[in-house]
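Report on the following structure.
Source: prediction; values computed, not measured.
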Amino acid sequence: MDSILQPWPWYVSGPLITLVMVFLLYFGKTFGMSSNLRTLCSIGGAAKYSDFFKFDWKAQRWNLTVVLGAIIGGFIAVTFLSNGSAIDLNPETVKDLKELGFENAGASLLPGEIYDWNNALSLKGLAILIVAGFLVGFGTRYAGGCTSGHAITGLSNLQLPSLIAVIGFFVGGLIMTHFLIPLIFTT
Amino acid sequence: MKYLKFLLVGIFFGIVLVKSEAVSWYRIFEMFKFQSFHMYGIIGSAVVLGAISVWAIKKFRVKSIEDQEIVLPPKNKSYTRYILGGSIFGLGWALAGACPGPMYILLGTGVFSMLIVIAAATLGTFAYGLLRDKLPH
């Protein structure tokens, strides 16, 4: 039981993610979480504005069910399967974050400096969450997939487009982490 | 019943991503700083094992639960959309510290401000739908 409550090492987690992909393939589907955002648009009536949203979203109910499960899984993991241990970050990372004004790095999954309500609802905080979410939603559809669709499924299927997309993920991520986050957060 | 298996896979996915800390903003930051092997190990081992699995599925013509051939639809051939779209996604991924899967999972862990990110991501997808014909692909 103790090993379940501890954070799981990468060599346990990675293969289990493969298992998720294989299960979905065996069920006759593919693993890709970002397509749900398009489905949500269609449910909301976006087909009136763009043909991109004209598809039978009801055929995507299985994928929305995966999302529902993922939410429940998140709840189960923190409620019953965690011992509250801090994330074992590189001390360099913790130091770098402290210089950017992030205290207690690794004490929880997300920094309160971004996600706590009092910060999330400040003008700057709200702008950060909206811009970040918008870029994810726009970029993932433009690139035709996200981490699950390209980095896991696409690379496993040895698809060159997915490799290019993953390189793109890193170009954007490196620019944000090394140049923009210091500009946004330095206090 | 038909959907129960998808619910269970989703629950499993959510648990694995929390327990692996792949849903942590800090782990994504650390990855882009090249200060830890953790995320590279997760993604790398998932892909290596995934490639072997996909190869085996094709080689042995494994049938799905509904006795259909398992096919992975090929991605469209293009470079522009993948490098541009991918980079835009990467900017958001590093700032939010979450990609589409973890966004939902984190909501389940009780971080309700994630709803703002999910709403904005849906809006971003909607904006892509509106602009799609004007963007280079």
Considering only heavy atoms, which portion of I114(A) lies under 4.5 Å from any heavy atom of chain B: side chain, backbone, both, or neither? side chain

Within a 6.0 Å radius of atom OH on Y3(B), are there more than 12 heavy atoms belonging to other residues, nucleotides or ligands? yes

N/O donor to acceptor pairs below 3.5 angstrom from side-chain atoms of residues 93-110 of chain B, sequence neighbours left out:
unit_1  : atom_1 : unit_2  : atom_2 : d
T109(B) : OG1    : L106(B) : O      : 2.6

Take F6(B) and V67(A) through the side-chain contact (heavy atoms from CB on, under 4.5 Å) test and state the conclusion after the steps. CA-CA 9 Å; F6(B) 294 114; V67(A) 167; over 6 Å; no

Minimum heavy-atom distance A46(B)-I152(A), with the two atoms named: CB-CD1, 3.9 Å

Interface check, chain A: of K19(B), R81(B), Q35(B), most non-hydrogen pairs under 4.5 Å belong to K19(B)

Between F32(B) and F170(A), what is the ring plane arrangement, given parallel below 30°, perpendicular above 60°, and tilted in between? perpendicular

With K33(B) as partner, the option from N90(A), L97(A), D96(A) fulfilling side chain to side chain contact (heavy atoms under 4.5 Å, CB included) is D96(A)

So for atom CZ, which belongs to F37(B), do other residues, nucleotides or ligands contribute more than 12 heavy atoms lying within a distance under 6.0 Å? yes

Stepwise, does the side-chain contact (heavy atoms from CB on, under 4.5 Å) test hold for Y82(B) with H150(A)? CA-CA 10 Å; Y82(B) 297 113; H150(A) 277 310; 3.7 Å; yes

With a 4.5 Å limit on heavy-atom distance, are the side chains of F31(A) and F13(B) in contact? yes

Go through F29(B), F12(B), Y79(B) and name the one with the most non-hydrogen pairs under 4.5 angstrom from chain A. F29(B)

side-chain contact (heavy atoms from CB on, under 4.5 Å) between V136(A) and V117(B): does it pass, once the steps are laid out? CA-CA 9 Å; V136(A) 167; V117(B) 181; 5.9 Å; no

Could you check whether K5(B) makes a cation-pi contact with F27(A), meaning its NZ or CZ is under 6.0 Å from the centre of the six-membered ring and within 45° of the ring axis? yes

Contact winner vs chain A - S78(B), G92(B), P74(B), heavy-atom pairs under 4.5 Å: G92(B)

